[in-house]
Amino acid sequence: MASKVAIVTAGGSGMGAAAARRLAAEGYRVGILSSSGKGEALAKELGGLGVTGSNQSNADLKRFIDLAHSSWGRIDVLVNSAGHGPRAPIVEISDEDWHRGLDTYLMNVVRPVRLVTPIMQAQRSGSIINISTAWAFEPSEMFPTSAVFRAGLAAYSKIYADTYAKDNIRINNILPGWIDSLPATESRRESVPMQRYGTSEEIAATVAFLASEGAGYITGQNIRVDGGLTRSV
């Protein structure tokens, strides 16, 4: 069988880049979309393909996904990472910034999922993994647009899972807490039961697991990777 193919959006740095590196190490052919040149550089390093473009552009996403599919004949894994959206006190966020938050934290998943779903349906297999936030269900005033739209992402993912599980397409969200790609502060570290920041590599390892056959019966889930910061029954 040909090598499996994974594509990563917003994969030029941080958790997205770590996921791309881990998947390449696991034997995947890797495509990376990034709005900076970093994604193309990383893809070259990993022997994959890189496209400079925005995950907020349907045209850029189509160009990226078409290139990966035409180059390798399949897409097994889609990893959706994200940049940073607007932050302000909740009633001071403008309409424009709410819409920017929507584009950053929800439409960044909706757009590429719409494009890869027919490919994965034809294959009768696929895994979609979205990097969300630990604050999706226990929101913090620090991240208002992220928390609001990623709560929406959880609902979107459950509906998608209900619809496409029969096609053997899985979708899951990873909910990272304080990760070392962010600036560290002592108060944030102390707020975590494990008393440390997580690493981008730990998020990448979770991505690799959710992409694997070992996670073949997991879909529609929100997987907390936050050192115990948030908990759920």
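Computed from a predicted model, the values in this text were never measured in an experiment.
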Test side chain to side chain contact (heavy atoms under 4.5 Å, CB included) applied to Leu106 and Arg150, step by step: CA-CA 6 Å; Leu106 178 57; Arg150 281 164 161 169; over 6 Å; no
Linked, directly or transitively: Tyr28 and Ile75 (ILVMFWY side chains, under 4.5 Å): no
With clusters defined by side-chain heavy atoms of hydrophobic residues (ILVMFWY) lying less than 4.5 Å apart, directly or transitively, does Ile203 cluster with Ile7? no
Answer whether the closest heavy-atom distance between the side chains of Asn55 and Leu33 falls below 4.5 Å. yes
Indicate whether the side chain of Thr230 and that of Asp226 have a donor and an acceptor atom separated by less than 3.5 Å. yes
Whether Gln195 side chain and Glu190 backbone form a donor-acceptor pair below 3.5 Å: yes
Steps toward side chain to side chain contact (heavy atoms under 4.5 Å, CB included) verdict (Leu229, Ser191): CA-CA 7 Å; Leu229 185 64; Ser191 72; 3.8 Å; yes
Side-chain donor/acceptor pairs under 3.5 Å, residues 206-218, sequence neighbours excluded:
unit_1	atom_1	unit_2	atom_2	d
Thr206	OG1	Glu202	O	2.9
Ser212	OG	Phe209	O	2.6
Ser212	OG	Gly214	N	3.3

Just how far is it from atom OG1 of Thr133 to atom CD1 of Ile174, taken to the nearest 0.5 Å? 12.5 Å
Could you tabulate the donor-acceptor pairs under 3.5 Å formed by side-chain atoms of residues 16-25, not counting sequence neighbours?
unit_1	atom_1	unit_2	atom_2	d
Arg21	NH1	Glu45	OE2	2.6
Arg22	NE	Glu26	OE2	2.9
Arg22	NH2	Glu26	OE2	3.3

Please tell me whether Leu61 and Val113 are part of a single hydrophobic cluster in this structure, the criterion being side-chain heavy atoms less than 4.5 Å apart. yes
pair Tyr156-Val109: side-chain heavy atoms closer than 4.5 Å: yes
Nearest 0.5 Å please: distance from the OG1 atom of Thr185 over to the CH2 atom of Trp178. 6.5 Å
Test your reading of the model: is there a side-chain donor-acceptor pair from Arg231 to the backbone of Gly228, 3.5 Å cut-off? yes
Short question: side chain of Ser70, backbone of Leu67 - any donor-acceptor pair under 3.5 Å? yes
Heavy-atom closest pair (Pro176 atom, Met15 atom, distance to 0.1 Å) is CG-SD, 3.8 Å
Closest heavy-atom pair, Thr145 versus Pro86, reported as atoms and distance to 0.1 Å, is OG1-O, 2.8 Å
Minimum heavy-atom separation for Gly50 and Ala43, please, with both atom names. N-CB, 3.4 Å
Can you tell me how far apart CD1 (Ile171) and OG (Ser127) are? Round to the nearest 0.5 Å. 9.0 Å
Taking all atoms of both residues into account, what is the closest heavy-atom pair of Phe137 and Ala154, and its distance? CZ-CB, 3.4 Å
Show your working on side chain to side chain contact (heavy atoms under 4.5 Å, CB included) between Thr117 and Tyr164 and close with a plain yes or no. CA-CA 9 Å; Thr117 296; Tyr164 292 102; 3.6 Å; yes
Less than 4.5 Å apart, side chain to side chain, heavy atoms only: is that true for Val79 and Thr9? no
I want to check something: taking the side chain as every heavy atom from C-beta on, are Asn80 and Ile131 in contact at a cut-off of under 4.5 Å? no
How long is the gap from CG on Leu78 to CD1 on Ile65, to the nearest 0.5 Å? 6.5 Å
Cluster question for you: counting only ILVMFWY and a side-chain heavy-atom cut-off of under 4.5 Å, with indirect links fine, are Ile32 and Val116 together? no
Consider side chain to side chain contact (heavy atoms under 4.5 Å, CB included). Of Asp76, Asp167, Asn168, Ile128, which one does Met120 pass it with? Ile128
What one should report as the nearest heavy-atom pair of Gly14 and Ser200 is C-OG, 4.1 Å
When you compare the side chains of Asn130 and Asn173, does any donor N or O come within less than 3.5 Å of an acceptor on the partner? yes
Does CD in Glu96 sit with more than 12 non-hydrogen atoms of other residues, nucleotides or ligands closer than 6.0 Å? no
Polar side-chain atom of Gln221 near backbone of Thr219 as donor-acceptor pair, under 3.5 Å: yes
One should read off an interatomic distance between Ile129 CD1 and Ser81 OG, to the nearest 0.5 angstrom, of 12.0 Å
Do Ile93 and Phe149 belong together in a cluster built from hydrophobic side chains that touch within less than 4.5 Å? yes
Does any non-hydrogen side-chain atom of Ile169 lie less than 4.5 Å from one of Tyr160? yes
Do the side chains of Leu49 and Arg29 get nearer than 4.5 Å, heavy atoms only? no
From Leu42 atom CG to Leu46 atom CG, the distance as rounded to the nearest 0.5 Å: 4.5 Å
Kindly indicate whether the side chain of Thr52, heavy atoms from C-beta on, has any atom under 4.5 Å from the side chain of Ser34. no
Does anything in residues 172-189 form a salt bridge (charged side-chain N to carboxylate O under 4.0 Å, His left out)? List the pairs, not counting sequence neighbours. Glu186-Arg189
Which is it for Lys62 and Leu115 under the side chain to side chain contact (heavy atoms under 4.5 Å, CB included) test, yes or no, and what are the steps along the way? CA-CA 7 Å; Lys62 187 174 189 307; Leu115 294 168; 4.3 Å; yes
Side-chain donor-acceptor contact under 3.5 Å, Ser54 with Asp60: no
With a 4.5 Å cut-off on side-chain heavy atoms, are Ser125 and Arg74 touching? yes
Between Ser132 and Leu175, which heavy-atom pair has the shortest distance, and what is it? CB-CD1, 3.9 Å
Is the Trp135 ring parallel, tilted or perpendicular to the Phe143 ring (thresholds 30°, 60°)? tilted
In plain terms, say whether Asp103 and Arg111 are close enough for a salt bridge, that is, a side-chain N and a carboxylate O under 4.0 Å apart. yes
